[in-house]
**Q** 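Questions regarding the structure given below will be posed in turn.
As a basis for the values below, the full set of heavy atoms in this structure was taken, side chains included, without hydrogen atoms, waters or symmetry mates.
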Amino acid sequence: MPLRSEREEYRVIKITTKPGIKTTIYVSTIAPASEENKRIRKMIKRPGGARQYLVIKRSDFMETGTIGMLKNNGQYKEGNFK
């Protein structure tokens, strides 16, 4: 993800399929990435390795709430956040 698209923190949400629905979920591993930050003249590296779940048909799921927050530095904080 380009640096300009990054956020400091990301919500981690729990979703469950609606009753009686069969659906497809794709799981992939995020690749390592690096990008030069020209403003500070430094190469920014991201290690990758986290799993991401891609849901194609979002309408097949119910959101049950935010279960944590993931910071850009890899720190994860569990909890029910609004």
**Q** Do side-chain atoms of Lys57 reach the backbone of Thr24 as a donor and acceptor pair under 3.5 angstrom?
**A**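 Not at all, since once roles are kept as given, no pair shorter than 3.5 Å links the two residues.
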**Q** Hey, what do you get for NZ (Lys77) to CD1 (Ile67), rounding to the nearest 0.5 Å?
**A** 15.0 Å
**Q** What is the minimum heavy-atom distance between Ser59 and Lys18, and which atoms define it?
**A**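 For Ser59 and Lys18, the tightest heavy-atom pair comes out as O-NZ, 2.8 Å.
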**Q** Does Arg58 reach the side chain of Asp60, with side-chain heavy atoms less than 4.5 Å apart?
**A**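 Heavy-atom side-chain distance check fails, nothing below 4.5 Å.
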**Q** Can you measure from CD1 (Ile56) to OG1 (Thr23) and round to the nearest 0.5 angstrom?
**A** 8.5 Å
**Q** If two hydrophobic side chains count as joined below 4.5 Å and joins carry through other members, does Phe61 share a cluster with Tyr26?
**A** no
**Q** Run the numbers on Thr16 and Thr64 for side chain to side chain contact (heavy atoms under 4.5 Å, CB included), then give the verdict.
**A** CA-CA 7 Å; Thr16 55; Thr64 57; 3.9 Å; yes
**Q** Could you walk me through whether Val55 and Ile15 pass the side chain to side chain contact (heavy atoms under 4.5 Å, CB included) test, one step at a time?
**A** CA-CA 10 Å; Val55 175; Ile15 60 174; 3.7 Å; yes
**Q** For Glu8, is the CD atom crowded, meaning more than 12 foreign heavy atoms sit under 6.0 Å from it?
**A** no
**Q** Identify whether Tyr53 and Ile13 are in the same connected component of the hydrophobic contact network (ILVMFWY, side-chain heavy atoms under 4.5 Å).
**A**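 Same hydrophobic cluster.
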**Q** What's the separation between atom CD in Gln52 and atom OG1 in Thr29, rounded to the nearest 0.5 Å?
**A** 8.5 Å
**Q** So which heavy atom on Pro47 is nearest to which on Pro32, and how close?
**A** O-CB, 3.4 Å
**Q** Rounded at 0.5 Å granularity, tell me how far CD in Gln75 sits from CD in Glu9.
**A**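 So the CD of Gln75 and the CD of Glu9 are separated by 10.0 Å.
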**Q** What heavy-atom pair brings Leu54 and Ser28 nearest, and what distance separates the two atoms?
**A**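 Result for this residue pair: CD1-OG, 4.4 Å.
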**Q** Have Thr66 and Arg11 got a donor and an acceptor in their side chains that come within less than 3.5 Å?
**A**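 Yes, because at least one side-chain N or O of Thr66 sits under 3.5 Å from a partner of the opposite role on Arg11.
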**Q** Using every non-hydrogen atom in the two residues, find where Glu35 and Met43 come nearest and quote the distance to one decimal.
**A** C-SD, 3.4 Å
